[in-house]
Number of protein chains: 2
Amino acid sequence: MTTTDAAAPRFADHPLASASTCSSDEPASGVIRDVLSRVGDKWSLLVVGLLDDRSLRFTELQRKVDGISHRMLTQTLRNLERDGLVSRTAYPEIPPRVEYAATDLGRSLAAPVLGLVGWAAANHEAITAARDTYDDAAPGA
Amino acid sequence: MTTTDAAAPRFADHPLASASTCSSDEPASGVIRDVLSRVGDKWSLLVVGLLDDRSLRFTELQRKVDGISHRMLTQTLRNLERDGLVSRTAYPEIPPRVEYAATDLGRSLAAPVLGLVGWAAANHEAITAARDTYDDAAPGA
DNA sequence: CGGAATCCATGCTGATACTG
DNA sequence: CAGTATCAGCATGGATTCCG
């Protein structure tokens, strides 16, 4: 089910390391760390996902995510904008109106993320079961 | 909770939310948060990736990841084992030998992650360029 | 060698207040 | 409405130390 995407040859295979010019001191680790640093936070993925659907205003965004605070939304938005994943359009009006929209780059992120989300959804029960088994085996943890 | 309800038919589509019994207080956000909590940390993905390639011992793992500390490796391994993504095999010998291997579930994670990593690798330069542009436009930041 | 517990430093996150 | 700045609290990550 879901898009299993590629055939998944290896994980930290050489091609990945070669394709990455992360210039870190690690082979593929840098790439993973890179993507994690980018969308591994609590809200980035949510915001990009919401914006992928349609453009939204600051308040709209805050209303939809809800759990996010004013500060975090601003911070997340700025970071996303900086990475070119989200575009910010400010209208010099009164009251001020700012609309955020996902860029082409931001939309391209949706595909791979969807794959990961699909995996999580598909294997959620399996993980829960594993946790239950583990918890049962080590109750005094 | 009169949730603002779903507003992301594409990204956090209903089927995803339905498939997840994460029992959070968010609709599809929970799924993303869930997967983020699972592999969104600094090392889980790296460890699973390394193990996806082949089984490794504790020391081997620490040597390959390198940047990870003793404590973090143990913690990450335990967490991964708890989720059923990694299997732990301890040999009651002297000196003790413990081998870690990715489970079928752990290997299935490689596919979607690879997609995300591929995205990061492919759009890395685009993001860097965007950052440069942003940084250039906001020097007084 | 592998693991666990402790302690510490840092970062991230959230709440609040103030400005335009 | 949108954004920024400051403060305080919690969580994450790291180093060390002791045990099997």
Side-chain angles (χ1 to χ4, degrees), chain A residues 25-26 29 32-33 36-47 50-51 55-82 86-101 134 137-141, chain B residues 24-26 29 32-34 36-47 50-51 55-82 86-101 134 137-141:
Chain A
D25 55 330
E26 240 69 59
S29 307
I32 297 180
R33 289 295 293 275
L36 244 45
S37 299
R38 182 126 29 237
V39 295
D41 58 86
K42 290 178 65 176
W43 312 106
S44 292
L45 242 36
L46 276 307
V47 172
L50 252 35
L51 258 36
S55 301
L56 294 170
R57 294 215 272 280
F58 188 90
T59 310
E60 292 282 339
L61 228 30
Q62 188 174 22
R63 184 180 176 183
K64 286 188 178 290
V65 181
D66 187 62
I68 197 171
S69 62
H70 200 156
R71 179 181 163 28
M72 278 298 101
L73 181 57
T74 302
Q75 188 172 300
T76 301
L77 248 20
R78 283 182 65 87
N79 189 35
L80 257 33
E81 184 193 1
R82 194 166 88 103
V86 167
S87 64
R88 177 178 176 278
T89 306
Y91 296 89
E93 307 173 348
I94 301 293
R97 182 181 59 180
V98 181
E99 288 193 8
Y100 291 93
Y134 185 89
Chain B
S24 295
D25 55 331
E26 238 67 60
S29 307
I32 297 181
R33 290 294 294 275
D34 189 50
L36 245 44
S37 299
R38 180 127 30 238
V39 294
D41 58 86
K42 289 178 65 176
W43 311 107
S44 293
L45 242 37
L46 275 308
V47 173
L50 253 34
L51 259 35
S55 301
L56 293 169
R57 295 194 196 77
F58 188 89
T59 310
E60 292 282 340
L61 229 28
Q62 189 174 20
R63 183 181 176 183
K64 285 187 178 291
V65 181
D66 186 61
I68 196 171
S69 62
H70 202 154
R71 184 194 191 286
M72 279 297 102
L73 182 56
T74 303
Q75 188 173 300
T76 301
L77 249 18
R78 280 183 68 86
N79 188 35
L80 257 32
E81 184 193 1
R82 194 167 87 104
V86 167
S87 65
R88 177 179 176 277
T89 307
Y91 297 89
E93 306 173 349
I94 301 294
R97 183 182 59 179
V98 181
E99 287 194 8
Y100 291 93
Y134 184 88

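Protein chains get the first letters and strands the later ones, always in sequence-line order, with residue 1 at the start of each.
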Please tabulate, for the side chains in residues 39-47 of chain B, all donor-acceptor contacts under 3.5 angstrom to protein atoms that are two or more places apart in sequence or on a different chain.
{"unit_1": "B:Asp41", "atom_1": "OD1", "unit_2": "B:Trp43", "atom_2": "N", "d": "3.0"}
{"unit_1": "B:Asp41", "atom_1": "OD1", "unit_2": "B:Ser44", "atom_2": "N", "d": "2.7"}
{"unit_1": "B:Asp41", "atom_1": "OD1", "unit_2": "B:Ser44", "atom_2": "OG", "d": "2.7"}
{"unit_1": "B:Asp41", "atom_1": "OD2", "unit_2": "B:Ser44", "atom_2": "OG", "d": "2.5"}

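- Atom CE in B:Met72 sits about 14 Å away from atom C1' in C:dG11, given to the nearest Å.
- We find the OH-CZ distance between A:Tyr91 and A:Arg57 to be 9.5 Å, quoted to the nearest 0.5 Å.
- A straight line from CG of B:Leu36 to P of C:dC12 spans 15 Å, rounded to a whole angstrom.
- Taking 4.5 Å as the limit, every side-chain heavy atom of A:Ile68 sits out of range of all side-chain heavy atoms of A:Leu61.
- Listed in residue order, the members of residues 37-44 of chain A having a heavy atom less than 4.0 Å from DNA chain D come to none.
- Legend: residues meeting side chain to side chain donor-acceptor pair (under 3.5 Å) with B:Arg63, ordered by chain and number and at least two apart, are absent.
- For B:His70 and C:dG3, a side-chain-to-base donor-acceptor distance below 3.5 Å is present, hydrogens and geometry of angles not being considered.
- Within 4.0 Å (heavy atoms only), B:Thr74 reaches sugar-phosphate atoms of the nucleic acid but no base atom.
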Tabulate atom names and distances for all N/O pairs under 3.5 angstrom spanning the protein and nucleotides 18-20 of chain C.
none

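- Applying the side chain to side chain contact (heavy atoms under 4.5 Å, CB included) criterion to B:Thr74, with sequence neighbours excluded, gives B:Phe58, B:His70, B:Arg78.
- Taking CD of A:Glu60 as the reference point, atom CG of A:Leu51 lies at 11.0 Å (rounded to 0.5 Å).
- Interface limits on DNA chain D: the 5'-most and 3'-most nucleotides within less than 4.0 Å of chain B heavy atoms are D:dG13 to D:dG20.
- Under the side-chain contact (heavy atoms from CB on, under 4.5 Å) rule, A:Tyr100 has a single partner from A:Thr89, A:Leu80, A:Leu77, which is A:Leu77.
- Distance B:Arg33 CZ to C:dC12 C1': 13 Å, rounded to the nearest Å.
- Among the atoms of the strands shown, only primed sugar atoms or phosphate atoms (P, OP1, OP2) are found under 4.0 Å from some heavy atom of B:Tyr100.
- Following rounding to the nearest Å, A:Asn79 (CG) and C:dG11 (P) show an atom-to-atom distance of 16 Å.
- Under 4.0 angstrom from either OP1 or OP2 of C:dC7 there lies no side-chain N or O belonging to B:Arg71.
- The interatomic distance linking A:Ile68 (CD1) with C:dT13 (C1') rounds to 10 Å, in whole Å.
- Contact record, B:Asn79 with B:Arg38: ND2-O, 4.4 Å, taken as the closest heavy-atom pair.
- The CG atom of A:Leu77 sits 15 Å away from the P atom of C:dT13 (whole-angstrom rounding).
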